[in-house]
Amino acid sequence: MITRNRLTTGVCIALATLAAGLGSVLPAAADEPPATPAPKVELVLDVSGSMRTRDIDGQSRMNAAKQAFNDVLDAVPEEVHLGIRTLGADYPGDDRKVGCKDTKQLYPVGPLDRTEAKTAVATLAPTGWTPIGPALLGAADDLEGGEATRRIVLITDGEDTCGPLDPCEVAREIAARGTHLVIDTLGLVPNAKIRQQLTCIAEATGGTYTAVQHKDELSRRVTQLVDRAAEPVVTPVATEGAGSCSAAPQLEPGLYTDREKIGEHRWYRVDVLPGQELRASVSVAADRAVDNDYGVLLRAVTEAGREIVRGEASGTGRTDVISSGLRYPKAEIEDGDDGSGKPAAEIVCLQLSNAFSAPASVKTTPGLPVELTVDLVDGPDQASDVAAFGLGRGWWLLGVLVLTGLVAGLLVGWISRWRIAVWRTN
């Protein structure tokens, strides 16, 4: 009897312990944050008859696109759900009504089976029309559902041939749905009309247009766009630079958009504390026909007008976006200037300038699209970081160079006089 009671007591204690353990585990599991939904990307590929043209690295546009797709599929991040849609891949006839419905999903949006996707792409052959508008509508439907980020990447070599359904209006309709779907466009032919249409599609949804004429450029750009879909979404803040530093808007770390007219100067202000490093970069898009040979300059300047550091880049008409950047580390100090112990911030003025020119027929308004990134990070700790020495900070470097030249000149002069004196003595 005593043995049975002890056994019963032991079982009860074990069950109570198990229940307590489960009770402590279940709430913890419930408190875990929900998993981030997988970002969705659909590649929309033009397979119309014009893709037979052999003008990309000595091969047809279709073969170059297939090779680029293989590179892209190998590099797709595991967390991205990717799909592929085609346009103009099936109907070879002359019936416009039928040809303008020729778009289908080649590979469904979801976890990627690289072998299966590559096999599907390998079967494609240039065939029919160019129904860009219907293809974009189909791709938007393919990406419906969930809260994940969505991106369409359109690769084409021509204009839509299925009017009156304007693909630019289709892109605006997609943007109006409020699904935060971005459309990026890549043009395989540097044609002004194609550029205009693809730029309009991209800008309607906050995407980008890029002209590519080589297979490596195509694979690299598409890979960048797919990778971007996997990154946290940062919504750019619209700002308006001023004509002088004193009137410039105060910027915090973040991503900003603006418009700058051809030949215009824009100013922005950033507060940099001692021990911080300012990192700023800018991209200016040539969204219209501009002349060859242009440049972009980004300068960090003090309130008094002294240049601290600059970043500049130039182009020759072969790219649609030109970018530059700069770094400015501010040294640590022990006490603030006012003796309060609180470090005083330095106002740094960022000046953005461009050296674009355009034919008289090109509209100058609105200005060129500008994307400005501002970041403040901890300054460098190691002396091996060249920026820690302040190289490139204007007068500091100039003073060192002048002093070095003066000492070297005096030394060379003294040695020369000594050698002449010895020569005369002998």
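Keep in mind the model is a prediction, meaning the values are calculated, not measured. Position 1 is the first residue of the sequence, and the numbers go up from there.
The distance from atom CZ of Arg220 to atom OG1 of Thr223, rounded to the nearest 0.5 Å, is 9.5 Å. Between Leu186 atom CG and Arg221 atom CZ the span is 6.5 Å, to the nearest 0.5 Å. Separating the CZ atom in Arg151 from the CG atom in Leu43 is a distance of 11.5 Å, to the nearest 0.5 Å. To the nearest 0.5 Å, the span separating CD on Gln351 from OH on Tyr268 amounts to 11.0 Å. Ile155 CD1 to Thr185 OG1: the interatomic distance, rounded to the nearest 0.5 Å, is 10.0 Å.
Of the possible donor and acceptor atoms, none in the side chain of Thr130 sits under 3.5 Å from a partner among the backbone N and O of Ser48. Proximity of a side-chain donor or acceptor of Glu116 to a complementary backbone N or O of Asp113 within less than 3.5 Å is not detected. Of the possible donor and acceptor atoms, none in the side chain of Arg54 sits under 3.5 Å from a partner among the backbone N and O of Gln59.
Counted by atom type alone, Tyr209 and Gln196 present zero donor-acceptor pairs between their side chains at under 3.5 Å. Checked by atom type, the side-chain pair Gln197/Asp160 shows no donor-acceptor distance below 3.5 Å.
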task = Output, in order, the C-alpha distance, side-chain angles, deciding distance and verdict of salt bridge (Lys or Arg N to Asp or Glu O under 4.0 Å) for Arg114 and Glu78.
result = CA-CA 11 Å; Arg114 302 176 199 277; Glu78 294 295 334; 2.9 Å; yes
inquiry  = Run the salt bridge (Lys or Arg N to Asp or Glu O under 4.0 Å) test on Arg266 and Glu260 for me, step by step, so that the C-alpha distance in whole Å, both residues' side-chain angles and the decisive distance to 0.1 Å come before the verdict.
reply    = CA-CA 7 Å; Arg266 290 258 171 169; Glu260 184 178 54; 5.4 Å; no
task = Could you check Glu217 against Lys215 for salt bridge (Lys or Arg N to Asp or Glu O under 4.0 Å), going step by step and ending with a plain yes or no?
result = CA-CA 5 Å; Glu217 292 177 347; Lys215 191 269 291 182; over 6 Å; no
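Within the 4.5 Å cutoff, no side-chain heavy atoms of Leu87 are placed close to those of Val47. For the pair Phe356/Ile322, a side-chain contact is recorded, criterion being any heavy-atom separation below 4.5 Å from C-beta on.
Taking all atoms of both residues into account, the shortest heavy-atom contact from Ala140 to Ile152 is N-CD1, 3.9 Å.
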